[in-house]
Every structure is written in C-alpha cells, then in structure tokens.
Amino acid sequence: MLDVGRWMLDVLPFLSMDRIRIYQLLPRLFGNTNETRRMNGTLAENGAGKFADINDAALSSLRDMGFTHLWLTGLLRHATGTDYSAIGLPPDDPDLLKGLAGSPFAVVDFFDVCPDYAVHPAHRLDEFKTLLERIHSHGLRLILDFVANHVARSYYSRIHPELNFGVVDDRGKFFDPRNNFFYLQLDSPGGGPPLRLPTFADGRAISATCRVHGGCDGRFDGEHDHGRVTGNNAATWAPGIGDWYETAKLNYGYDFTTGARDYPTAEEPHKPVPDTWLKMDAVLAYWQEMGVDGFRCDMAHMVPPEFWQWAVARARARQPGVFFAGEAYDNDPMKVGRANVLHDLLAAGFDTIYDDPSYKILKGVYDGPKWANDLEASAVDPVLFTRALHYAENHDEVRLAGANQWGGIGMQVGRPVSAILFGLSRGPVLLYSGQEVGEPAQGAEGFGSDDARTTIFDYWSMPELARWVNDHRYDGGRLSLEQRDLRAFYARLLALVNEPAFREGEFFGLNPANLENTRFGRLPGEPASGHWLHAFLRYDAAHDQRFLVLANLHRSETFHDIGVWLPKTALEFLQTPAGSAWQLHDRLKLEPQPACKIDVPNNNGAMLSFTECTPLSACYYEWLPVPPPANPLHE
C-alpha cells in the first residue's frame, strides 16, 4: 500500500527548494499539560508528554508556522529511575541517573524508544511508528538523535542483543581497535578497581538525584572488576561530578590519548573496519528502514571524521535524501580533527553543522564585551555560510527569556537576535520548543538546576508553552497578546528566510563600511559605530531579489535619523545601476509600512536614511524598483 506521506516527502525536494527549518521538541515536555511541576517529581506526579500528544492539530500548526523538520530530542530509550519491570525494563542503578527521568543522552538501547512516551509502554515502538506516519502525512520530516560518542554504562539492547557492545572485548588493553570500549588499566588514574562514581562519599549522597532517590553507594555493579573510560574522555577510575560519569565512551579505532588511528583512511584504505563502526551503521539502518528522515549527531567532533564519511555514505546509499546535522565545536579540546573540525565534518558528508561562534558572539553583545561588528568574522567563512545551522536556543543553551540571561531583557530579545542569525546564511535554522512563546525556564526543576534552561533530565512541563498547547488543541488559546505577537513574528521570519535571497543568495556585510559613520547607531562615548546595530545585504541574482536586514540589539535605545552607507562594492554586489530608483518595503512587520525610497545617483556609494529603528527590532527591507510614472491621459 502506498504511504502517501512518505511519497510526498520523496517527491517534494524535486518540486520545491525549501530551506530546512527545524523545530526541536522533547516529547516528555512538549505535550505535557500536567501543571503540578513538583521539583524532583516522579512520572506519576508530574506526568510526561506522549507520542499521541503530538497530534494532527500540533503538526498542522507547526507546518503552518513554516517548519519542515521536527527534531524529537530524547526519543531513544535511556537510563531512568522509573520502574517498567512489568514489561521487562527495571529502573537503572540510581548512581547512573541524572534526574529521575534520566539523561536523554545516556542511551541504554539504540533500537528502542522511551516507554514514558507511550500510552501503552509495551507497545511503544508501534506508537512511535504511528506518530512517524502522522508526521509524514503533514509533509514534515523527522530527525532523531544519534549519540555516537558514548552510551549509558548500563547499555543493553533487548531489541538487538546480538549487537550489544563489549561482549568479546579484550579488557586487558586500554585501546584495541577491535574493542568497542576503552578499558582502564591498573595504572590508570584513580587507584584501580572498582569504578568509583562521584555520587556518594563519606556516607552521604553527593549527586542531586541520589539525594532524592536514595539507594546510592557510588558503585556500579557492571564495572566492579573492570572500568571503562567515561564519555567525556575521562580516563580515570574516579570520574568527577562534572564528568559524564553515567556514560562510557565508544571506541572507533582512534586512541584519543595518543592520536593513533587504526581504521581505513585515505592513506591506508585496506585496514579492517572496526566493529563499532559496523554496529553503529546497523543503528542508522534500523531507523532508516523504519522511515526516519535524518539524524542530529551528538558531539560529532568527538568521533573520527573518517567514520562519519563512511557511515554517511552508507546511509545515503540506502536513502539518498537522509539528513545529517552535527553538533560540533571547533574550540573543544576533545575534538578529533587536524584543523577546523567543522570543515572536516562537512567534508565528511554532514548537511549542516552547529554555528556556535555566531551564537556566542550575539550573546556576548549582552554579556560583554562583544559588539555586533564582531559577527562579520563568523559570517565570512564561505563553507559555514552555505551550510551552518543557526539557532538562538536549543536544549544545551539558556533560554532567551531566562532571568539574568541575554541582559535580563525577556522574550523580546529573540526578535533581533533570531532575525540576524536566521538571515546570516543559507544553512538550516532551528527554533527550540517554547522559544516562540517566551519560555523563561525559571526556578529549579530537579537535577535541572535553576540555570535558565528547561530541564532535559526531569519530569516537567513548560508553563508558557502549555498556554499554546491548551489541552492539546494547539491553538494558543491561553497565550497573552504579547506571546501571540511573538509567535506570529517567528512565523513571518521563518517564511522570509525561505525567500530566494536568503535560501540561495549571497551575503554582504555592511558593518565594516559603517564603522566611522556616526549615524549608524553610535552612542555618546563610543569610539566607533556598530555596537548595537547590525546590517547586511542578501541578493540572489537568479531571482533578482534583494534584501537589506537592519537590526537594533539595544534594549531601550531608539536610534533616530539612521544612515546606512552602501559603498561602491555593495552597489556592485546588488547590481543596482547608477541612476536607478528603488523603494524598500519592510516585510517583517505585521502591518504594511510606508516605502523608503532611495536613489542610486552614481556608482560611488549611497547613503540610506531611516527615520528611526526602535529597540529590540529587526527589519527585512526588500528592494523593489520604483515603478515608472503613469502615462498622462490623452484626449
């Protein structure tokens, strides 16, 4: 029988050139309308969203808002304190838990999904497949996490036990390319076996979860007479409280302590493929066969690029359009790469890679000491311009509306920040569930401390998003007018960044040309311009479409009589001939704005003048030719 939704997704790429726009959600939080929110609450107390809660109304609303992909974070079955012994899944050792719900990135079975999300936990995979069909029927694609670097210490696949890790490993070696794990030796730091976890010491619980849960002793029975390297490369018998102590690092044939590589490379293509590569390829194949459309690869820079090149090629042989997004940070000392690891991963086949530098620069405008001018450095990389993933929030980062974050301004700071980030490149863009309604993540939730992040470790719900969910109507019935306006702003922004100038066009930054321009938002005492204003051009010659993006990042200052200087090179970039006349329409505003008319008197440059630019605002001015005057009537 023809799967119409799947067929639509296979055909649509040939019918349209949609820019990828991702909505990230945690099923545990997204559809949870339980308003109890008891700190460290159990599943029974605080509830959890279900696959069924991501219903037709939700999917229709998200598609209408402009999204093309849904990233379901925390989908895979992971370590948890919730007891599912009735279906053969007992709770995990409390020493391995970060939060009662558990860390979504401490996966215990790559071939299974979290039972919390099923109405009938024993039938969780069937309920997931139904959701996947529902997602496809709305013309959306599904992305799930592929956590390649590490697994939960308690990992054991009940779906595919023949693919479990470490079964035939030689534990007598720290590193062997045939092993799935790295094994601590007697002379490894920390004093020898057993593995000692930083959860319990001197008769008292240390970790936040152990203090609530009880039953902790700082030991894990699975590593009593041996030990494995912790997921964040902590090669010690006694990982610290800041380490990923609940996980064990997987071995891809790369010894991170020496840089030795023992796997197929361009120089030695005939070396045997490590067993870990084969097992992880089986994971990708399993989900692809089920109909999953793409993968967000966790901490991709900690896994050798050669593995990614091999695995992505095999995945694309099975499904040419499969999407790969990589979480990667070039400044992380744990990266596996010789130069720029972001470039390495894109060369290995990733469709997109995190643009962490641009995010941090913009946040630094509010935290100090960054200026809007500093964005030019990250915008000029041609590789990242084409393929970087831009975001203003995700589950690892603080909420825009979080207390004492982003200048303590609140949710409105998301307008200029997202308008800049989403307009900077051709690559995909991501919006995190709750961002569109100003979710602030206030207070402690349990293991998720009061850190301005929505917890990914605890049973919880989002108070502001729940206003939009509105008892699973997903109609925003309980939102304030301010929240409705913000959500509508993001919808307009998502539509605009799919226009040809942003989807396929080129970039020209204007801040460097306006450093000495005192009309470019300069405040008294500032030595140059470009602290709070950011401006750039986007132009697509094939569609003859031009945009000027102008954003004011200042929390309270309205800049009046603004001048934006376009040098000769900018006019050449826009292909605006001398003597031409143009009108600029701000397409990001809800209500039509009076056109700003400009002339290009010659090819030496042009000054664009704007009456004002209000605080925390952004304008997407489309350049349109001034229509010729009407012909006079002849009698």
Side-chain angles (χ1 to χ4, degrees), residues 372-373 375-376 379-380 382 385 419-420 423-426 492 495-522 528-530 533-552 559-589 591-614 617-635:
N373 290 336
L375 275 168
E376 300 306 317
V380 296
F385 166 74
I420 291 172
L424 275 180
S425 80
R426 297 178 191 156
R492 295 194 301 275
L496 276 172
V497 298
N498 194 41
E499 295 272 353
F502 297 97
R503 188 181 67 229
E504 303 167 41
E506 301 296 334
F507 170 91
F508 190 101
L510 294 173
N511 277 47
N514 284 275
L515 286 174
E516 304 303 322
N517 174 10
T518 58
R519 294 176 59 202
F520 192 68
R522 187 181 300 186
S529 299
L533 283 189
H534 195 256
F536 56 90
L537 301 169
R538 296 297 305 273
Y539 173 55
D540 178 54
H543 295 85
D544 198 32
Q545 188 181 54
R546 303 162 177 83
F547 274 89
L548 164 71
V549 174
L550 177 64
N552 178 4
F559 293 109
H560 298 279
D561 186 28
I562 297 168
V564 180
W565 173 248
L566 271 61
K568 178 182 178 180
T569 49
L571 298 178
E572 292 171 348
F573 168 82
L574 289 174
Q575 298 185 25
T576 52
S580 60
W582 302 82
Q583 52 188 351
L584 273 59
H585 290 265
D586 183 5
R587 295 197 39 206
L588 196 50
K589 293 290 189 295
E591 299 295 334
Q593 303 292 306
C596 170
K597 295 184 179 180
I598 63 167
D599 296 312
V600 181
N602 52 58
N603 288 325
N604 293 324
M607 181 70 80
L608 308 186
S609 294
F610 301 92
T611 304
E612 66 177 21
C613 190
T614 56
S617 69
C619 302
Y620 271 46
Y621 291 109
E622 185 173 14
W623 290 55
L624 298 171
V626 173
N631 291 328
L633 295 176
H634 299 282
E635 295 184 358

Engineer: Let me see the working for Leu588 and Cys619 under side chain to side chain contact (heavy atoms under 4.5 Å, CB included), right down to the final yes or no.
Structural biologist: CA-CA 6 Å; Leu588 196 50; Cys619 302; 6.0 Å; no
Engineer: Is a side-chain donor or acceptor of Tyr620 paired with a backbone partner of Lys589 at a separation under 3.5 angstrom?
Structural biologist: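 Looks like no, no N/O pair under 3.5 Å.
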Engineer: Nearest heavy-atom pair of Ser580 and Pro577: which atoms, and what distance?
Structural biologist: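 Smallest heavy-atom distance, with atoms named: OG-O, 2.7 Å.
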Engineer: So which atom in Gly521 and which in Phe559 form the shortest heavy-atom distance, rounded to 0.1 Å?
Structural biologist: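 In this case the closest contact between Gly521 and Phe559 is O-CE2, 3.2 Å.
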Engineer: Does the ring centre of Phe610 sit less than 6.0 Å away from the ring centre of Tyr621?
Structural biologist: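 Close enough - the centres of the two rings lie under 6.0 Å apart.
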Engineer: If the threshold is 4.0 Å, N to carboxylate O, is there a salt bridge linking Arg587 and Glu499?
Structural biologist: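 Yes.
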Engineer: If you compare all heavy atoms of Ile420 against all heavy atoms of His534, which two are closest, and at what distance to 0.1 Å?
Structural biologist: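 Nearest heavy atoms, Ile420 then His534: CD1-CB, 3.8 Å.
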Engineer: Output yes when a side-chain donor or acceptor of Asn511 lies under 3.5 Å from a complementary backbone atom of Ala535, and no otherwise.
Structural biologist: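 Here the side-chain-to-backbone pair exists.
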Engineer: Looking at CD of Glu504 and CG of Asn498, how far apart are the two atoms once the value is rounded to the nearest 0.5 Å?
Structural biologist: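 Going from CD on Glu504 over to CG on Asn498, the span is 9.0 Å.
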Engineer: Would you confirm whether Asp540, through its side chain, and His543, through its main-chain N or O, come within 3.5 Å as a donor-acceptor pair?
Structural biologist: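 Confirmed, Asp540 side chain pairs with His543 backbone.
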Engineer: Between Asp561 and Arg519, what is the shortest heavy-atom contact and its length?
Structural biologist: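 Closest pair (atom of Asp561, atom of Arg519, distance): OD1-NH2, 3.0 Å.
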Engineer: Would you check, one step at a time, whether the test side chain to side chain contact (heavy atoms under 4.5 Å, CB included) holds for Leu548 with Leu510?
Structural biologist: CA-CA 9 Å; Leu548 164 71; Leu510 294 173; 3.5 Å; yes
Engineer: Closer than 3.5 angstrom, by distance alone: can the side chain of Ser529 be matched with the main-chain N or O of Glu516 as a donor-acceptor pair?
Structural biologist: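 No: the side chain of Ser529 does not pair with the backbone of Glu516.
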Engineer: Out of curiosity, Gln545 CD to Leu574 CG, how far, rounded to the nearest 0.5 Å?
Structural biologist: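 The CD atom of Gln545 sits 12.0 Å away from the CG atom of Leu574.
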Engineer: Quick check: does any side chain N or O of Asn514 sit under 3.5 Å from a backbone N or O of Trp565, one acting as donor and the other as acceptor?
Structural biologist: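 Such a contact is found between Asn514 side chain and Trp565 backbone.
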Engineer: Arg546 pairs by side-chain contact (heavy atoms from CB on, under 4.5 Å) with which of Thr576, Leu537, Leu624, Leu584?
Structural biologist: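 Testing each of Thr576, Leu537, Leu624, Leu584 against Arg546, the sole residue satisfying side-chain contact (heavy atoms from CB on, under 4.5 Å) is Thr576.
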Engineer: About how many Å separate CG of Asn604 and CG of Leu566, when rounded to the nearest 0.5 Å?
Structural biologist: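 So the gap between those two atoms works out to 13.0 Å.
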Engineer: Using modelled atom types and a 3.5 Å cut-off, is there a donor and acceptor pairing between side-chain atoms of Arg538 and backbone atoms of Gly423?
Structural biologist: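 Confirmed, Arg538 side chain pairs with Gly423 backbone.
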Engineer: Would a line drawn from the ring center of Phe547 to the ring center of Tyr539 be shorter than 6.0 Å?
Structural biologist: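 No, too far apart.
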Engineer: Do the ring planes of Trp623 and Trp582 sit parallel (below 30°), tilted (30 to 60°) or perpendicular (above 60°)?
Structural biologist: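 Answer is perpendicular, since the angle exceeds 60°.
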Engineer: So which atom in Cys613 and which in Leu533 form the shortest heavy-atom distance, rounded to 0.1 Å?
Structural biologist: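 Looking at all heavy atoms of both residues, the shortest contact is SG-CD2, 4.4 Å.
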Engineer: Of the non-hydrogen atoms in Ala618 and Asp586, which two are nearest, and what is the gap between them?
Structural biologist: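 Closest approach of Ala618 to Asp586: O-OD2, 4.3 Å.
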Engineer: Would you check if the side chain of Arg426 reaches a backbone N or O of Arg503 as a donor-acceptor pair within less than 3.5 Å?
Structural biologist: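 No; judged by distance alone, with no hydrogens or angles, the pair does not exist.
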